[in-house]
Amino acid sequence: MTVRVRFAPSPTGYLHVGGARSALFNWLFARKMGGKFLLRIEDTDQTRYNESALHDLIRDLKWLGLDWDEGPEIGGPHVPYYQSRRLELYKRHSDLLLSKGAAYRCFCTSERLDELRRRQEEQKLPPGYDRHCRDMDVTESDRRAAAGEHHVVRLKAPMSGRTVFRDLVRGDIEYQNHVLDDLVLLKTDGFPTYHLANVVDDHEMEITHVLRGDEWIPSTPRHVLLYEAFGWEPPVFCHLPVILAPGGGKLSKRKGAASVGDYREKGILPHALFNFLALLGWSPGDEREKMTQQELVDSFSLERIMPKSAAFDETKLEWLNGQYLIESSVEALLPEVRRMLEERGLGADVAARPEMLERHVRLLKDRSKRIAELVDTGLYFWRDPDSYDEKAVAKHWQPQTPDLLRRLLPDLETVAWDAASLESLYRSKVETEGIKFAELIHPTRLAVSGLPFGPGLFELLEALDRHTVVARIQTALGRLGG
RNA sequence: GCCCCCAUCGUCUAGAGGCCUAGGACAGCGGGUUUUCAGUCCGUCAGCAGGGGUUCGAAUCCCCUUGGGGGUGCCA
């Protein structure tokens, strides 16, 4: 049997890292098993639908490196892959259950249900629908429906006994049927609820394994009941642990970035995020930390998914990203760096000096953890420093510094402009002045970049041209005193 | 409240009853190195939530407690 899995997001906002991780695990499993990975859009909530969210979702999935075998943009044997365009199918299935007596119409108003919930809460009773319409006479139900009275369709769930299902990461999970109420299948507006649409589609699309977030566990027994009502075999369930914020608790914007797009803006590479996410709640069983997409596919298995929820450790992500940055070629990073520089208003400069872009990236990529960091700590490649790091000034801008630099200036005007020549110039200067290397090195870096850290000084000087270096030293002499 | 799930260093994890004096990675701390470190190398600290069982033997199996998470919608 071919494995068929799906990622079925609701396009209501940005792609959360939790959702991305679910998509990733489904993808890994499909690729590992030689199966199919489908993307299905669950847009059944009219009130929350958001067009741009769908666009962003698809863009972010692709950016992460995921591709689907069936779904939006490419179609497949079960088109359409948008639930909002499959309404008839759900209606037909709802009618089927109705005619079987496995579901019933409920004419209760939302006011009545609100009141009911309020009373249950007040009396500390377990909340849930009281099955008011469950035993309504079918002819009356038909008559009221025919008269156009608003209603929903509910599943007639068993009131005793128990429902057990097997979860691949946790084993058997059991629910007493009496704690499960009669869930809504079809809403007043004729749209299906998640539950109906999801079950019908998973069956129609021949989904074999449902890998989804932990938060769906409580719905699963109801889904199993639905499968039974239809007389269908349920798929294998596998609930993925949730991802928590660094300090514990729900991951949110407040507690650091939460969406794939946010990490892209911070300059995390897609492969690094992919790698990191794969290792959250799953491990290959050995001590590998940095793994290629192919290695992840090859060693992936559902059995090694952890049941425990995992905190999203951004620091470790950045470390991993730094590793990918070191490994990455300069060329591969150029487009993204260019984009970020453009965003910072340096588009014209970048266009005018492509060779500077190459130097910027080459000199900084191995010492940065994120692309945005690489960009922001290298702005001196593009414009004169507008301030000088205070601590560094206090430490390295000594009383004798200005004179030293002034005596260096003429040599800088004439020395051959390459790192090796610059270094020997500095070495000999140190010699003749009878000073320490650091006394010349640090002030130069400070004057030229405004920062106390960065790439090797002589490579940096070489990258900036002679004019710029001399001018910046003169500016610093003016601004820092001397 | 009720239902369900979970529990190894601060964090991600290895661990399938004896290979565990519990291994690795990130972070932290300490040192080396380089002209700088927000780079790099080396070293180091740190954990089986608590209590009962089962067993010759428990991080591993069972029960309870505690703690954390999720669900309890005509949201998904």
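Treat the numbers as computed from the prediction; the structure is a model and nothing was measured. Letters A, B, ... are given to chains in the order of the sequence lines, protein chains preceding strands, and every chain is numbered from 1.
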Ignoring the backbone of [X], work out which of [options] is nearest its side chain.
{"X": "A:A310", "options": "B:A14, B:G69, B:C12", "result": "B:C12"}
{"X": "A:W319", "options": "B:A76, B:G24, B:A27", "result": "B:A27"}
{"X": "A:H195", "options": "B:C4, B:A76, B:C6", "result": "B:A76"}
{"X": "A:F458", "options": "B:U35, B:G39, B:A76", "result": "B:U35"}
{"X": "A:T315", "options": "B:A38, B:A76, B:C26", "result": "B:C26"}
{"X": "A:P218", "options": "B:A76, B:G71, B:C12", "result": "B:G71"}
{"X": "A:E287", "options": "B:G23, B:A76, B:C5", "result": "B:G23"}
{"X": "A:F453", "options": "B:U36, B:C4, B:A7", "result": "B:U36"}
{"X": "A:A311", "options": "B:G69, B:C12, B:U35", "result": "B:C12"}

Nearest whole Å is fine: how far is [N] [atom2] from [X] [atom1]?
{"X": "A:L168", "N": "B:C5", "atom1": "CG", "atom2": "C1'", "value": "16 Å"}
{"X": "A:E215", "N": "B:C3", "atom1": "CD", "atom2": "P", "value": "22 Å"}
{"X": "A:E373", "N": "B:G39", "atom1": "CD", "atom2": "C1'", "value": "11 Å"}
{"X": "A:I441", "N": "B:U36", "atom1": "CD1", "atom2": "P", "value": "9 Å"}
{"X": "A:L320", "N": "B:A27", "atom1": "CG", "atom2": "P", "value": "11 Å"}
{"X": "A:D313", "N": "B:G28", "atom1": "CG", "atom2": "P", "value": "11 Å"}
{"X": "A:E423", "N": "B:U34", "atom1": "CD", "atom2": "P", "value": "13 Å"}
{"X": "A:Q176", "N": "B:C4", "atom1": "CD", "atom2": "P", "value": "8 Å"}

If you look at every strand shown and take non-hydrogen atoms under 4.0 Å, does [X] touch a base, only sugar-phosphate, or nothing?
{"X": "A:R288", "value": "nothing"}
{"X": "A:E42", "value": "sugar-phosphate"}
{"X": "A:G281", "value": "sugar-phosphate"}
{"X": "A:R445", "value": "base"}
{"X": "A:P455", "value": "base"}
{"X": "A:R222", "value": "nothing"}
{"X": "A:L457", "value": "base"}
{"X": "A:Y426", "value": "nothing"}
{"X": "A:V184", "value": "sugar-phosphate"}
{"X": "A:S283", "value": "sugar-phosphate"}
{"X": "A:P452", "value": "base"}

Base-pairing mate for [N] - Watson-Crick or G-U, with both contacts under 3.5 Å:
{"N": "B:U60", "value": "none"}
{"N": "B:U40", "value": "B:G32"}
{"N": "B:C2", "value": "B:G71"}
{"N": "B:A7", "value": "B:U66"}

Close side-chain approach of [X] and [Y], heavy atoms under 4.5 Å:
{"X": "A:H442", "Y": "A:L457", "answer": "no"}
{"X": "A:F237", "Y": "A:H239", "answer": "yes"}
{"X": "A:I217", "Y": "A:D214", "answer": "yes"}

Quiz item: Think A:R6 forms a cation-pi with A:F37, using NZ or CZ under 6.0 Å from the six-ring centre and within 45 degrees of its axis?
Solution: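 The answer is no; the distance or angle limit is not met.
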Exercise. Flag this pair as yes if the NZ/CZ of A:R92 is under 6.0 angstrom from the six-membered ring centre of A:Y90 and inside a 45 degree cone about the axis; otherwise no.
Key: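 Cation-pi check for A:R92 and A:Y90: fails.
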Quiz prompt | Atom CZ of A:R112 with >12 non-hydrogen neighbours under 6.0 angstrom | solution =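 Yes, enclosed.
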Self-check item: More than 12 heavy atoms from other groups under 6.0 Å of NZ on A:K91
Solution: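 Counting neighbours around NZ of A:K91, 12 or fewer heavy atoms of other residues, nucleotides or ligands fall under 6.0 Å, so no.
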What's the gap between [N] and [M] when it is taken at their [atom1] atoms, as a whole Å value?
{"N": "B:G53", "M": "B:C42", "atom1": "C1'", "answer": "47 Å"}
{"N": "B:A46", "M": "B:G23", "atom1": "P", "answer": "11 Å"}
{"N": "B:A14", "M": "B:C9", "atom1": "C1'", "answer": "13 Å"}
{"N": "B:C6", "M": "B:G10", "atom1": "P", "answer": "23 Å"}
{"N": "B:C41", "M": "B:G50", "atom1": "C1'", "answer": "42 Å"}
{"N": "B:U8", "M": "B:G68", "atom1": "P", "answer": "14 Å"}
{"N": "B:U21", "M": "B:A16", "atom1": "P", "answer": "14 Å"}
{"N": "B:G15", "M": "B:A25", "atom1": "C1'", "answer": "16 Å"}

Quiz item: side chain to side chain donor-acceptor pair (under 3.5 Å) with A:D202: which of A:R40, A:H209, A:H223?
Solution: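 Testing each of A:R40, A:H209, A:H223 against A:D202, the sole residue satisfying side chain to side chain donor-acceptor pair (under 3.5 Å) is A:R40.
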Quiz prompt | Heavy-atom donor-acceptor pair, A:K316 side-chain to B:A25 base, under 3.5 Å | solution =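 Yes.
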Practice problem: Assess whether one donor atom and one acceptor atom, taken from the side chain of A:S110 and the base of B:C74, lie less than 3.5 Å apart. | Solution: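 Side chain to base: no pair below 3.5 Å.
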Presence of [X] side-chain N/O under 4.0 Å of [N] phosphate oxygens OP1/OP2:
{"X": "A:K395", "N": "B:U36", "answer": "no"}
{"X": "A:T44", "N": "B:A76", "answer": "yes"}
{"X": "A:R117", "N": "B:G73", "answer": "yes"}
{"X": "A:R304", "N": "B:U13", "answer": "no"}
{"X": "A:K290", "N": "B:C12", "answer": "no"}
{"X": "A:R212", "N": "B:A76", "answer": "no"}
{"X": "A:K308", "N": "B:U8", "answer": "yes"}

Exercise. Could you list by number each residue of residues 154-165 of chain A showing a heavy-atom separation from RNA chain B of less than 4.0 Å, or answer none if no residue does?
Key: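 Correct list: empty, so none.
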Quiz item: Is the centre of the A:Y194 ring less than 6.0 Å from the centre of the A:W216 ring?
Solution: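 Centroid distance A:Y194-A:W216: below 6.0 Å, so yes.
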Quiz item: With the threshold set at 4.0 Å, does a side-chain nitrogen-carboxylate oxygen contact exist between A:R407 and A:E433?
Solution: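 Looking at A:R407 and A:E433, the cut-off is met.
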Practice problem: Determine the interplanar angle of the A:F165 and A:Y175 rings, folded into 0 to 90°, and report it as parallel if under 30°, tilted if 30 to 60°, perpendicular if over 60°. | Solution: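 Aromatic pair A:F165/A:Y175 classed parallel.
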Exercise. Give a yes or no on whether the backbone of A:L98 and the side-chain of A:R105 come within a donor-acceptor separation of less than 3.5 Å.
Key: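 The answer is no, because no donor-acceptor pair under 3.5 Å joins these two groups.
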